[in-house]
Protein chains: 2
Amino acid sequence: MQPSPRHPKKPVRPSALQAESLQQTRREHASEIAEDYVEAIADLALAQGEARVVDLARRLGVTHVTVNRTLARLQRDGYVTARPYRAIFLTAQGHALADTCQRRHATVVSFLRSLGIAEKAAEIDAEGIEHHVSTETLAAFERHLRRATRR
Amino acid sequence: MQPSPRHPKKPVRPSALQAESLQQTRREHASEIAEDYVEAIADLALAQGEARVVDLARRLGVTHVTVNRTLARLQRDGYVTARPYRAIFLTAQGHALADTCQRRHATVVSFLRSLGIAEKAAEIDAEGIEHHVSTETLAAFERHLRRATRR
DNA sequence: GGCAAAATGTAGCACATGCTACATATTGTA
DNA sequence: TACAATATGTAGCATGTGCTACATTTTGCC
Ligand SMILES: [Mn+2]
Ligand SMILES: [Mn+2]
Ligand SMILES: [Mn+2]
Ligand SMILES: [Mn+2]
């Protein structure tokens with residue numbers, strides 16, 4: 001122990017709440033890659049009928065090796081089906097997640113745009129922010145958009 | 001190659017932009033832990049005069065082992081000074097980062113609160129969102145706050 | 001001063017997520 | 001149909017970030 005704290009123990013933020021917040025953030029990070037992948041797969045399936053490893057690599061900004069290993073995880077976790085040298089398809093679970101994520105992504109981008117943020121910055125920031133937006137916050141974003149639109 | 005795409009190649013989002021966004025998000029994740037640590041160290045230094053490993057562990061919701069290894073990285077990267085069995089202190093570089101992060105954290109929380117989000121949810125979401133807020137978006141949040149306050 | 005409790009340090013494991021280099025399969029086309 | 005280009009797969013490396021179990025040091029207190 002150290003001698004004398006200059007101030008009585010009065011943490012600016014309660015440790016318990018910050019610990020809880022950070023743990024939540026870590027959980028969100030763990031599911032984040034799955035979310036971005038299923039979103040990209042759904043996009044590609046819509047745009048060109050199917051998603052190939054090489055498309056995903058280009059889209060996600062990683063090598064095909066990384067895509068491959070991640071797809072194995074997604075398959076293990078029930079989000080996609082994939083056979084060697086074939087296209088990748090979403091399971092029902094994957095589709096459900098993709099829908100949720102696409103909708104949430106669009107909402108976050110629109111919300112940022114409504115604050116006057118430029119298209120490109122809105123896209124870039126949304127890609128990170130989207131994974132940390134709770135149901136309550138998403139609802140607040142939608143509420144704000146409805147208000148901004150009505151005017 | 002696969003036979004015939006049902007639609008002409010018209011990706012919903014351009015691959016290049018999404019790749020760039022995701023790469024930016026990954027870069028932000030790489031600096032995120034450093035940001036949360038220096039913020040916590042600054043908080044603790046203010047509240048009780050110094051930051052100890054055990055305080056950080058409680059605060060960050062991880063074991064003291066994780067704190068230890070992370071502190072080695074922060075030391076390597078010039079954010080903190082630490083000697084065995086002693087308290088941890090921020091370098092000038094660490095202080096600068098902590099100030100920026102504390103200010104940004106406070107802005108994000110206030111912004112979410114101004115949208116009607118409850119205290120706890122605002123804290124939790126802000127802990128993740130803060131690391132993905134660009135200068136432009138932070139400015140927009142501040143602008144919005146000034147407007148909301150003035151009324 | 002000495003001892004028990006607390007704090008700190010370290011060894012070693014697991015998993016995620018990126019990479020390069022190289023091997024194999026598929027496909028478009030000459 | 002063969003072959004070159006493209007796509008896909010795999011081995012092996014690095015780093016980050018979490019953990020448990022155990023060793024060592026420091027500290028509060030009798
Ligand atoms: Mn994203
Ligand atoms: Mn994040
Ligand atoms: Mn944070
Ligand atoms: Mn923070």
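Atoms considered below: every heavy atom in the structure, side chains included; atoms not considered: hydrogens, waters and symmetry mates.
When the P atom of C:dA6 is taken as reference, atom CZ of B:Arg58 falls 12 Å away, rounded to whole Å. Rounded to an integer number of Å, the gap from CG of B:Leu60 to P of D:dG16 is 18 Å. Rounding to whole angstrom units, CG of residue A:Leu56 and P of C:dG18 are separated by 13 Å. Distance, A:Glu50 CD to D:dT8 C1': 14 Å, rounded to whole Å. Atom CG of A:Asp36 is separated from atom P of C:dA16 by 17 Å (rounded to the nearest Å). Remark: P of D:dT8 and CZ of A:Arg83 are 14 Å apart, rounded to the nearest angstrom. Protein atom NE2 of B:His29 is 17 Å distant from nucleotide atom P of C:dA16, rounded to whole Å. For A:Arg52 and C:dT27, the CZ to P distance is 7 Å, given to the nearest whole Å.
Residue-to-nucleotide proximity on DNA chain D shows that, of B:Asp77 and A:Val53, the 5′-proximal contact is made by A:Val53.
Considering only residues two or more places apart in sequence or on other chains, B:Arg104 meets the salt bridge (Lys or Arg N to Asp or Glu O under 4.0 Å) condition with B:Glu35. With sequence neighbours excluded, no residue satisfies ring-ring contact (aromatic ring centres under 6.0 Å, His included) with B:His105. Scanning for side-chain contact (heavy atoms from CB on, under 4.5 Å) contacts around B:Ile33 gives B:Tyr37, B:Thr70, with sequence neighbours left out. Taking A:Arg143 as the reference, nothing meets the salt bridge (Lys or Arg N to Asp or Glu O under 4.0 Å) condition, with sequence neighbours excluded. Not counting sequence neighbours, B:Glu130 has no partner by the salt bridge (Lys or Arg N to Asp or Glu O under 4.0 Å) test. Every ring-ring contact (aromatic ring centres under 6.0 Å, His included) that A:His29 has, sequence neighbours left out, goes to A:His132, B:His29.
Backbone-only engagement by B:Arg76 is indicated by non-hydrogen atom pairs under 4.0 Å involving sugar-phosphate atoms exclusively.
Phosphate contact (OP1/OP2 of D:dG9, side-chain N/O of A:Asn68, threshold under 4.0 Å): present.
A:Gln93 and A:Asp77 are not linked by any side-chain donor-acceptor pair at a separation below 3.5 angstrom, with hydrogens and angles left out of the test.
Counting only distance, with no hydrogens or angles, the side chain of B:Glu28 and the backbone of A:Gly128 share no donor-acceptor pair below 3.5 Å.
Closest contact between the side chain of B:Arg86 and the listed nucleotides D:dT26, C:dT8, D:dA7 involves D:dT26.
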Along nucleotides 18-25 of chain D, 5' to 3', which nucleotides get a B, which get an S, and which get a -, given that the test is a protein heavy-atom distance under 4.0 Å? BBBB--BS
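For residues 65-99 of chain A, no pair satisfies ring pair (Phe, Tyr, Trp, His ring centres under 6.0 Å), with sequence neighbours left out.
In the helix from C:dG1-D:dC30 to C:dA30-D:dT1, the terminal helix axes, each the rotation mapping four pairs' C1' atoms onto the next four within five end pairs, subtend 10°, rounded to 10°.
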